[in-house]
Amino acid sequence: MQELNQTQIAQRLEQLIELSVELGKRHDTDALLERILLVARGMTHADGGTLYRPSEDGRTLEFAILFNKTLNIHQGGVSGQPVTAPGVPLYDAAGERNLAAVAAYAAHFGLSVNIEDVYKADVFNFSGMVKFDQMNGYHSQSFLTVPLSDHEGELVGVLQLINAIDSETGQIRAFSQTDQRFIEALAAQAAVALTNQRLIAQLENLLEALVNLINIGIDEKSPYTGRHCQFVPELTMMLAEAVHNTETGPMAGFRMSDGDRKELWLAGLLHDCGKITTPVHVVDKASKLETIYDRIATVDTRFEVLLRDAEIAALKRKLAAGADAVAIDAALAAEQAALRAERDFIRVANVGGEAMAAADQERVRSIAQRRWTGPDGQEQGFLSDNEVQNLTIKYGTLTEDERKQINNHISMTIKMLEALPWPKHLKNVPEYAGGHHERMDGKGYPRGLTKEQMSVQARLMAIADIFEALTAADRPYKKGKMLSEALYILGNFSLNGHIDPDLFDIFIRSKIYLEFARKNMDEKQIDAIDESRIPGYTP
């Protein structure tokens, strides 16, 4: 058996130190696993090696990497080649521990297994290995199998080395006790690195799950808002990638790392989380009179009362001596026709729209002056002040106070996100998510930031937010706009200081709008686009 001299031992210690430093820097699990195996193989002059990881259900050891120098085999890891060998069962069909396979044995007992010659060993089942040797013209002999466990003793992997080669004779030798102790030390370091990566991944998954939990709450409260919270991050990332790939113009210097992408995606998912505090009857207000229910039905009832009152009054007049029934019927018909016309007008006014004419607003106020007798027998105005206020809304369906409640969601988003202890690599989430209602000219809200005060990420999210809102066809309070109309509006926004014109140029030039439309919009909304007619864009 080859003994190590002081120089060789010092070299191995140096390798362990270098690996320790390297393990702390690597974030790619596949690359990390491969580096662990290659260092172990080089340290012991092993001809081959395997690194197993436990399956999700903990019932199998699955190949992460398989390497053999003589056979020129490199599968798994960063090779790009899938591992073709089947995994090693940790339990049999009856649920009993599998102790026949050496890797499973090491995993169950947390012990290293060092075998000088597998063909002379009768403790384990090496039939699979014998078959492998016969098929490939290989000779497996010495095996060193070392389990990798975390700080709680939970298995995170198994490292197996095959055929230690004597550096002087080139012959296969057994793995020495010194080899075993060094590989056990390496395995301990590797287990810590793998555990750290697993814990980080679990924390990131937990964070994303919590974000999705918030969005589930928003979706249950308002399905329309929930859809928006899914589409805006998708469109944001599409535009961000297009900006990242831009090589000319003002945005040529913008680049994102994988960490930057994750931060922006998370911000996109959370950009409207403050809406969880907004009353649902405001978020989804489909008509001007809607609160918990649409009060147009109440107004309709009042019209019905007036129609019946008119009929009763007409009948009473007919009972008078010398009454002119024909004239009375004509007057009743005219009065009821006027009431029905006013009812139909109020129904239309309740729908809301792009702009309500001043004459129509005045007509609502005139109708409000009618008198009717309520259930309490008291005469009162036909419409309440609140109903008049809502029915005369000029744009859309929201009153000024309700619009303030809607706008307050972004302040709540910022307040909620800034209250969280974000790690360093996610510290920009509040700024990205909280800036999508700001404008380039400083007239946005809630902070009135200008273009120079905003990150590129916040500015491109603003475009994604507006475009999705314009084209969304599932909102109860509006129809989804045609693609051409949405682009026309965005183009004007790029000219009047609302959105970033440089990002808008990339949005059009890269045809992000068309890619998103084909994937997520109703095909009836996708009309022909003449980019030369889009305001603010020069093909």
Side-chain angles (χ1 to χ4, degrees), residues 15 19 22-23 25-91 98 100-107 112-115 118-119 124-149 155-165 172 175 179 183-184 186-187 189-191 193-195 197-198 201 258:
Q15 285 179 293
L19 181 63
E22 196 170 346
L23 291 181
K25 295 179 179 179
R26 287 187 180 268
H27 303 291
D28 184 326
T29 300
D30 288 338
L32 177 64
L33 293 174
E34 183 149 319
R35 184 59 182 154
I36 291 167
L37 180 58
L38 291 179
V39 170
R41 192 190 70 81
M43 188 178 288
T44 58
H45 300 287
D47 187 46
T50 299
L51 209 157
Y52 301 92
R53 298 295 302 278
S55 60
E56 288 292 331
D57 61 8
R59 300 192 60 81
T60 308
L61 285 176
E62 297 177 341
F63 283 93
I65 307 176
L66 191 155
F67 184 89
N68 189 288
K69 183 178 180 181
T70 297
L71 297 176
N72 193 30
I73 295 175
H74 183 188
Q75 297 178 351
V78 297
S79 69
Q81 300 297 319
V83 180
T84 56
V88 177
L90 287 170
Y91 300 90
N98 174 19
V102 63
Y105 180 94
S112 299
V113 181
N114 192 340
I115 300 174
V118 295
Y119 281 89
F124 301 105
N125 179 4
F126 286 105
S127 59
M129 180 216 69
V130 172
K131 185 177 180 181
F132 175 87
D133 283 358
Q134 292 173 347
M135 290 178 61
N136 294 280
Y138 191 67
H139 178 71
S140 301
Q141 182 172 314
S142 56
F143 269 59
L144 176 59
T145 306
V146 180
L148 284 69
S149 301
L155 183 75
V156 295
V158 174
L159 175 63
Q160 190 170 75
L161 299 173
I162 303 171
N163 286 358
I165 304 298
I172 298 173
F175 290 94
D179 288 335
I183 297 306
E184 287 172 342
L186 182 150
Q189 293 178 345
L194 289 172
T195 300
Q197 284 203 353
R198 183 180 64 182
D258 288 342

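Keep in mind that the numbers below use all heavy atoms, side chains included, and drop hydrogens, waters and symmetry copies. Since the structure is predicted, the reported quantities are computational estimates derived from the model, not experimental observations.
In this structure, T70 OG1 and N163 CG are separated by 7.5 Å, a value rounded to the nearest 0.5 Å. The line from CE of M43 to CG of L38 is 12.0 Å long, rounded to the nearest 0.5 Å. Atoms CZ and CD, on F175 and Q141 in that order, are 10.0 Å from each other to the nearest 0.5 Å. Atoms CD and OG1, from Q75 and T50 in turn, are 9.5 Å apart once rounded to the nearest 0.5 Å.
Shown here are the side chain to side chain donor-acceptor pair (under 3.5 Å) partners of N114, two or more places apart in sequence or in another chain: Q180. Residues satisfying the side-chain contact (heavy atoms from CB on, under 4.5 Å) test with D258, not counting sequence neighbours, are R261. D133 meets the side-chain contact (heavy atoms from CB on, under 4.5 Å) test with Y119, M129, Y138, S140; sequence neighbours excluded. Contacts of S142 classified as side chain to side chain donor-acceptor pair (under 3.5 Å), with partners at least two apart in sequence or in another chain: none. Remark: A106 engages V113, T145, P147 in a side-chain contact (heavy atoms from CB on, under 4.5 Å) (not counting sequence neighbours).
Open room surrounds CG on N72; 12 or fewer heavy atoms of other groups in view lie less than 6.0 Å from it.
Minimum heavy-atom separation, L155 to G157: CD1-O, 3.3 Å. The two residues A187 and L148 make their nearest non-hydrogen contact at O-CG, 3.7 Å. The nearest pair of heavy atoms linking S149 to A191 is O-CB, 3.1 Å. Between G76 and E34, the closest heavy-atom pair is O-OE1, 3.9 Å.
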**OP:** Take L186 and L159 through the test side-chain contact (heavy atoms from CB on, under 4.5 Å) and record every step on the way to the result.
**Re:** CA-CA 10 Å; L186 182 150; L159 175 63; 4.2 Å; yes
Original post:
Can I162 and D47 be said to form a side-chain contact (heavy atoms from CB on, under 4.5 Å), step by step?
Top reply: CA-CA 6 Å; I162 303 171; D47 187 46; over 6 Å; no
**OP:** Evaluate side-chain contact (heavy atoms from CB on, under 4.5 Å) for L37 paired with L161, printing each intermediate quantity in order.
**Re:** CA-CA 9 Å; L37 180 58; L161 299 173; 4.1 Å; yes
Can you give each donor-acceptor pair under 3.5 Å made by side-chain atoms of residues 59-67, sequence neighbours left out, with the distance rounded to 0.1 Å?
none

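The closest donor-acceptor contact from the side chain of N98 to the backbone of P89 lies under 3.5 Å. Under the 3.5 Å distance criterion, the side-chain polar atoms of R41 are matched with a main-chain donor or acceptor of A46.
A 4.5 Å side-chain heavy-atom check between I115 and F124 finds at least one atom pair inside the cut-off.
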